[in-house]
Amino acid sequence: SSTKNLGGKGQADKGMSPEKYANSDIIKRISKHPAALRLPDGRLVMSMWFSEKHSPGWWKKVLEQMKKNGYPAVLVAHFNTNGQLQAFKDEKVCYGMAQWGCRHICDYAWGKYGRKYTDLLVYPVSSQDVRSRGCGLWEAEGSGLLRNLWTLARRDKADWVFMDTWSDYTETPMAPSTYIGFVPFDLNAYYSQWFKTGEQPKIVRDRLYYFYRRNRSDLKPEIGPKWNFRITKAKDEVELLAFLKAPGELKIVIDGKEYKKSAPAGITSFKVPMPKDKQFVP
């Protein structure tokens with residue numbers, strides 16, 4: 001699809017034939033792949049971020065061509081804006097709808113709003129949004145953003161969840177890495193089980209997870225522009241997220257200081273200030 005016409009009213013239709021798109025080698029290869037998501041009736045589930053850059057009519061032609069090719073599919077539109085929700089609903093082109101979502105802790109109302117336009121509502125879940133292009137980021141408050149979005153998905157009775165975006169290292173990585181570790185695997189396993197069953201999983205062993213940036217937000221870079229926090233202010237904190245089988249005492253030692261917190265059985269978030277003008281490992 002064209003990357004030059006990224007308006008939210010189908011501007012990308014120009015220069016990209018829906019038939020050419022449906023007949024592309026990439027779409028055909030994906031359509032045959034055994035790991036691709038399918039409905040019980042065998043139809044392939046398609047989705048694209050910023051679906052509204054193409055018009056509802058364009059998507060209809062894509063789906064029609066795919067059916068002719070022997071790969072019937074449905075579209076779960078993934079919107080970046082809200083201006084075309086009604087148009088997509090009126091054209092009856094969507095099997096479900098998702099939205100890109102917020103990247104800071106807030107009472108995100110996609111569940112209530114999106115239900116006006118779709119029967120299958122998909123909630124976005126992300127752990128952070130740190131963009132190497134433009135040096136911009138949102139304050140995720142440690143594990144707070146991830147846990148809040150899972151909580152809202154349950155509250156709003158979302159049907160599905162999209163994890164945005166697992167391996168996009170220019171924007172929102174959740175995939176385990178040298179610095180991130182395996183925390184996203186563990187937390188998403190726990191909260192997805194809670195989401196799917198409707199019951200909070202029992203904690204059968206103690207687990208401690210830590211979250212912090214490698215430097216404070218007020219660091220002056222020696223090379224390149226300063227990173228900017230969007231929408232909300234930075235919170236220079238170290239978080240210890242504890243999953244406890246029984247009550248216990250949490251402790252963080254950092255910069256020669258010791259912080260303690262009594263925690264009940266269950267999940268406890270314990271945060272302390274990051275030291276100023278010092279390198280550290282908590």
Side-chain angles (χ1 to χ4, degrees), residues 98-114 121-130 137-168 171-177 179-213 217 229-248 250 252 259 261-274 282:
Q99 204 220 35
W100 182 245
C102 62
R103 292 296 184 266
H104 63 284
I105 296 178
C106 65
D107 189 3
Y108 176 52
W110 168 239
K112 182 179 180 180
Y113 185 76
L121 184 119
V122 185
Y123 231 86
V125 166
S126 181
S127 61
Q128 59 180 339
D129 198 326
V130 181
L137 70 159
W138 283 255
E139 178 54 80
E141 300 187 37
S143 67
L145 174 63
L146 183 71
R147 293 186 292 115
N148 184 60
L149 287 170
W150 275 116
T151 298
L152 296 179
R154 293 196 311 273
R155 182 198 69 181
D156 292 348
K157 296 180 173 57
D159 300 291
W160 293 4
V161 158
F162 279 169
M163 294 184 185
D164 299 328
T165 120
W166 185 262
S167 56
D168 180 356
E171 194 156 303
T172 315
M174 276 197 280
S177 66
Y179 293 114
I180 295 174
F182 288 88
V183 174
F185 272 164
D186 284 8
L187 292 190
N188 282 312
Y190 185 88
Y191 283 96
S192 62
Q193 180 74 2
W194 193 347
F195 172 78
K196 290 188 287 185
T197 65
E199 296 183 6
Q200 183 175 1
K202 182 180 179 181
I203 297 173
V204 297
R205 63 185 67 85
D206 293 340
R207 283 293 182 266
L208 305 178
Y209 303 101
Y210 56 90
F211 301 80
Y212 66 94
R213 283 187 290 272
S217 61
F229 284 79
R230 302 178 180 180
I231 301 180
T232 59
K233 294 181 179 180
K235 293 187 177 180
D236 294 319
E237 298 174 321
V238 174
E239 179 189 22
L240 168 59
L241 185 67
F243 286 67
L244 300 183
K245 182 179 179 181
L250 306 179
I252 297 175
Y259 302 87
K261 181 181 180 67
S262 295
I267 304 171
T268 296
S269 173
F270 177 30
K271 296 179 180 179
V272 303
M274 291 170 62

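All residue numbers in this chain count up from 1 along the given sequence.
A side-chain donor-acceptor contact under 3.5 Å links Tyr108 and Gln99.
Separation of atoms CG (Leu121) and NZ (Lys157) is listed at 12.5 Å; rounding is to 0.5 Å. Atom OG1 of Thr151 and atom CG of Asp156 lie 10.5 Å apart (nearest 0.5 Å). Note: Arg230 CZ to Trp138 CH2 = 4.0 Å, rounded to the nearest 0.5 Å. Here Ile203 contributes atom CD1 and Lys245 contributes atom NZ; the two are 11.0 Å apart, rounded to the nearest 0.5 Å.
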- Task: Tell me, with the steps shown, if Cys106 and Asn148 meet side chain to side chain contact (heavy atoms under 4.5 Å, CB included).
- Result: CA-CA 8 Å; Cys106 65; Asn148 184 60; 5.7 Å; no
- Pair Leu152-Trp110, side chain to side chain contact (heavy atoms under 4.5 Å, CB included): steps then yes or no: CA-CA 9 Å; Leu152 296 179; Trp110 168 239; over 6 Å; no
- Check step by step if side chain to side chain contact (heavy atoms under 4.5 Å, CB included) holds for Leu145 and His104. CA-CA 6 Å; Leu145 174 63; His104 63 284; 5.6 Å; no
- List the steps and the verdict of side chain to side chain contact (heavy atoms under 4.5 Å, CB included) for Val125 and Phe162. CA-CA 6 Å; Val125 166; Phe162 279 169; over 6 Å; no
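Looking at heavy atoms from C-beta onward, Trp100 lies in side-chain contact with Thr165 at the 4.5 angstrom threshold. Under the 4.5 Å side-chain criterion, counting only non-hydrogen atoms from C-beta, Leu208 is in contact with Leu250.
Between Pro173 and Ile180 the shortest heavy-atom distance is O-CD1, 4.0 Å. Minimum heavy-atom separation, Gly101 to Pro124: CA-CG, 3.8 Å. Of all heavy-atom pairs between Gln128 and Ser126, the closest is O-OG, 3.0 Å. Minimum heavy-atom separation, Gly142 to Phe211: CA-CB, 3.8 Å. Closest approach of Phe195 and Ala158 over heavy atoms only: CZ-O, 3.4 Å. Heavy atoms only, all atoms of each residue included: Ala140 and Ile105 are closest at O-CD1, 4.2 Å.
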Show me the side-chain donor-acceptor pairs of residues 182-192 shorter than 3.5 Å, one per line, residues at least two apart or across chains.
from: Asp186; atom 1: OD2; to: Tyr209; atom 2: OH; distance (Å): 2.8
from: Asn188; atom 1: OD1; to: Trp150; atom 2: NE1; distance (Å): 2.9
from: Asn188; atom 1: ND2; to: Pro184; atom 2: O; distance (Å): 3.0
from: Tyr190; atom 1: OH; to: Gln200; atom 2: NE2; distance (Å): 3.2
from: Tyr190; atom 1: OH; to: Pro201; atom 2: O; distance (Å): 2.8
from: Ser192; atom 1: OG; to: Asn188; atom 2: O; distance (Å): 2.6
from: Ser192; atom 1: OG; to: Ala189; atom 2: O; distance (Å): 3.2

Per-pair distances, 0.1 Å, donor-acceptor, side chain in residues 235-244, under 3.5 Å, sequence neighbours excluded:
from: Lys235; atom 1: NZ; to: Glu141; atom 2: OE1; distance (Å): 3.3
from: Lys235; atom 1: NZ; to: Glu141; atom 2: OE2; distance (Å): 3.4
from: Asp236; atom 1: OD1; to: Arg213; atom 2: NH2; distance (Å): 3.4
from: Asp236; atom 1: OD1; to: Ser217; atom 2: N; distance (Å): 3.0
from: Asp236; atom 1: OD1; to: Ser217; atom 2: OG; distance (Å): 3.3
from: Asp236; atom 1: OD2; to: Ser217; atom 2: OG; distance (Å): 3.0
from: Glu239; atom 1: OE1; to: Ser143; atom 2: N; distance (Å): 2.7
from: Glu239; atom 1: OE1; to: Ser143; atom 2: OG; distance (Å): 3.1
from: Glu239; atom 1: OE2; to: Ser143; atom 2: OG; distance (Å): 2.9
from: Glu239; atom 1: OE2; to: Ser269; atom 2: OG; distance (Å): 2.6

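Comment: Lys112 does not engage Asp107 in a salt bridge, judged by the lack of any side-chain N to carboxylate O separation of less than 4.0 angstrom.
In this structure, Ser127 contributes its side chain and Leu146 its backbone to no donor-acceptor pair below 3.5 Å.
Atom OH of Tyr210 sits in a sparse spot, with 12 or fewer heavy atoms from other residues, nucleotides or ligands closer than 6.0 Å.
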